Amino acid sequence: MNSMRFGFLELNSWRRNCYNSHRERFMTTSKRVQDRSKKKRVHQLEEATEKWKITSKIVFLMELLKQEQEMVIPVRSLSHYRKQINLPKPHRISDFLRKTPKLFELYKDHKGVLWCGLTQKAEVLMEEHKRVIEENEDKAAEYVTRFLMMSVDKRLPLEKIAHFRRDFGLPMDFRTHWVHQYPQHFRVVKPSLDDVEFLELVSWNPDWAITELEKKNMKMLEVEGVTRTETEAESSHTPGLLSLPFNLKFPANFKRVHSYYGAKIKLFQERSYLSPYADAKGLKAGSLEFDKRAVAVMHELLSFTVEKRLVTDHLTHFRSELVMPQKLMRLLLKHCGIFYVSERGKRFSVFLTEAYDGSKLIEKSPLFLWREKLLSLVGYRGRKKKFEVDSESDAEGGDGLRLLQSDSDVEDLDVELEQKGTLEYKDPLLENDSEMDVAEIS
């Protein structure tokens, strides 16, 4: 009991010192992804983003077809889902489907209506997808529980968690059925009739209050033959102050960061911070401990995901629940050795850089391996029926296609990183030194 009281007093003293020392925090000007230079882009991770974009579109369409009674749908009806698959006009959905003939079939009925359905290979693949998710449901439940454990009130809006369904490997019936399968971990609550539904933590699991960074450090110590005492083992289950450095992975053209700001990065790495699972209500927004804990929360959350990558606009929904800064994007850009922000199309994605070797994910989960198999079936050079633009049907709001009997080659759906229209990166650490101080690296 005395040791716990001492630890509590030590934590409060640390908080007061950090707040008093850094009450006046120098703020930099806003750093936009659009301001980044080509030289600071990580081509391999941009390539991974492009692959994810293609895969996410295809998975959405396959899940949509899977829910149809006959697993077919008029192509014209798919135009209602342009926003969900991020396929703006003038791109035709039918053109996208034609580039994946191994997964999607296009045909016209006797009325001339163009329909889309799944191939037999795609149906088998969807059954495999369902099986993989079911086999890994317990792990997904752990991640959702730990997500709740990191939240300030130990509950999160159900509709917000649904944004991360595919990222966490949750089933399609996540909101209606799956959330009720683990009553020992969480439950659905609705404070009032007019209120939204929340997923609420039922019981705290101390074994899950250990960050992924701590687990990796423990494994490294075991490999090196370093044994922990019983007291150390017990204390690791109580979230509090952490002093573990983050793994930094800068691209080769970021060498100036090490030579020019190496001392400041070293100070950031050595600074103690609050565990994502510890109570963060007393943290002062803008303080050094606040920002470093935010980095730890982002690191932990990205570690839960299938691809160690998340869409950033989904993350902004959890600022208050996870005690995160308002200018989250600036924090991610600032710590470019831990995170990489990519903008392909209209959505930003953030990667956990340590999880990648070039464009390849280092540790691949069963669901990620399934996605790789799916991507291998996207686009090939073969023979298929040709579709031609029909101006009359296009004018009537149709997809503007009519079936011809001749054959033609289908172009490969390659990952192409176009130079025009892409947003570029300007590393905030390489800005004018007058805008930088120790606080700005935190």
Side-chain angles (χ1 to χ4, degrees), residues 4 7-8 11 133-158 160-171 174 178-189 198-222 228 230-244 246-247 273-281 283 292-308 310 315 318 321-324 352 354-355 363 365-368:
M4 290 180 63
F8 179 74
L11 179 59
I133 287 181
E134 288 175 349
E135 290 173 352
N136 293 274
E137 279 185 333
D138 290 346
K139 194 64 178 177
E142 176 191 331
Y143 289 150
V144 171
T145 304
R146 293 169 69 181
F147 195 7
L148 294 171
M149 290 168 63
M150 285 194 292
S151 64
V152 66
D153 294 321
K154 305 301 177 279
R155 70 176 188 178
L156 296 167
L158 195 58
K160 290 186 180 181
I161 300 177
H163 288 308
F164 292 163
R165 179 175 69 80
R166 294 188 184 91
D167 299 305
F168 280 19
L170 303 175
F174 159 72
W178 186 87
V179 290
H180 303 290
Q181 290 183 193
Y182 297 90
Q184 71 276 26
H185 299 322
F186 40 73
R187 64 187 172 195
V188 178
V189 296
F198 288 84
L199 195 62
E200 186 177 70
L201 184 70
V202 169
S203 61
W204 179 274
N205 188 334
D207 293 336
W208 289 351
I210 306 173
T211 65
E212 295 300 304
L213 195 60
E214 289 177 277
K215 291 178 182 178
K216 287 185 178 180
N217 186 65
M218 292 175 189
K219 289 181 180 178
M220 289 176 60
L221 291 177
E222 290 174 359
R228 295 182 301 157
E230 186 176 342
T231 303
E232 289 174 332
E234 290 176 356
S235 64
S236 65
H237 290 264
T238 304
L241 291 179
L242 297 175
S243 57
L244 294 175
F246 294 97
N247 294 320
Y273 57 97
L274 202 60
S275 167
Y277 299 100
D279 183 10
K281 290 182 179 178
L283 292 182
K292 188 159 185 182
R293 177 194 170 275
V295 171
V297 170
M298 280 299 310
H299 186 284
E300 187 75 350
L301 196 56
L302 285 168
S303 298
F304 295 165
T305 62
V306 175
E307 299 186 15
K308 306 300 181 284
L310 282 172
L315 290 169
F318 295 96
E321 290 90 348
L322 296 178
V323 193
M324 301 285 279
L352 187 61
E354 68 182 71
E363 296 181 7
S365 67
L367 188 54
F368 185 86

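Only heavy atoms go into these numbers, but all of them, side chains included; no hydrogens, no water, no symmetry mates. Note that the structure is a prediction, hence the values are computed from the model and not measured.
For the atom pair Leu367 CG and Glu135 CD, the distance stands at 11.0 Å (nearest 0.5 Å). Here the CG-CZ distance, from Leu352 to Phe304, works out to 11.5 Å after rounding to the nearest 0.5 Å. Note that CD of Gln181 is 9.5 Å distant from CG of Asp138, once rounded to the nearest 0.5 Å. With values rounded to the nearest 0.5 angstrom, Lys292 atom NZ is found 9.5 Å from Leu242 atom CG. Here Leu199 contributes atom CG and Lys160 contributes atom NZ; the two are 13.5 Å apart, rounded to the nearest 0.5 Å. Here Arg146 contributes atom CZ and Ser151 contributes atom OG; the two are 14.0 Å apart, rounded to the nearest 0.5 Å.
Side chains of Asn136 and Pro366 form a contact here, defined as non-hydrogen atoms less than 4.5 Å apart. Thr305 is listed as a side-chain neighbour of Phe168, based on a closest heavy-atom distance under 4.5 Å. When side chains are defined from C-beta on, Leu241 counts as touching Leu274, because their heavy atoms get closer than 4.5 Å. When side chains are defined from C-beta on, His299 does not count as touching Pro276, because their heavy atoms never get closer than 4.5 Å. Contact of the Leu301 side chain with the Met150 side chain is registered, since non-hydrogen atoms from C-beta on lie closer than 4.5 Å. Inter-residue side-chain proximity for Lys281 and Val152 is flagged as met; some heavy-atom pair is nearer than 4.5 Å.
Residue His185 comes nearest to Thr145 through the heavy atom pair CB-OG1, 3.4 Å, listed as atom of the first residue, atom of the second, then distance. Shown here for Leu213 and Asn247, the closest heavy-atom pair between the two residues is CD1-ND2, 4.2 Å. In terms of heavy-atom proximity, Ala209 sits nearest to Tyr277 at O-CD1, 3.5 Å. Taking every heavy atom of both residues into account, Glu200 and Leu148 meet most closely at C-CD1, 4.1 Å. Summarising the geometry of Ala140 relative to Gly169, their closest heavy-atom pair is CB-O, 4.2 Å, with the distance given to 0.1 Å. Between Phe318 and Met324, the closest heavy-atom pair is O-CG, 4.2 Å.
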Go through the steps for Glu354 and Lys216 under the test salt bridge (charged side-chain N to carboxylate O under 4.0 Å, His left out), then give the verdict. CA-CA 12 Å; Glu354 68 182 71; Lys216 287 185 178 180; 3.0 Å; yes

The test is side-chain contact (heavy atoms from CB on, under 4.5 Å); show your working for His180 and Val188 and say whether it passes. CA-CA 8 Å; His180 303 290; Val188 178; 3.7 Å; yes

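Atom CD of Glu134 is surrounded by more than 12 heavy atoms from other residues, nucleotides or ligands within 6.0 Å.
Taking the centre of each ring, Phe147 and Phe186 stay at or above the 6.0 Å mark. Taking the six-membered ring for Trp and the full ring otherwise, the centers of Tyr143 and Phe164 sit at least 6.0 Å from each other.
Remark: Arg155 qualifies as a cation-pi partner of Phe198 under the 6.0 Å distance and 45° angle criteria applied to the six-membered ring.
A donor-acceptor pair under 3.5 Å links the side-chain atoms of Glu300 to the main chain of Glu212, judged by distance alone.
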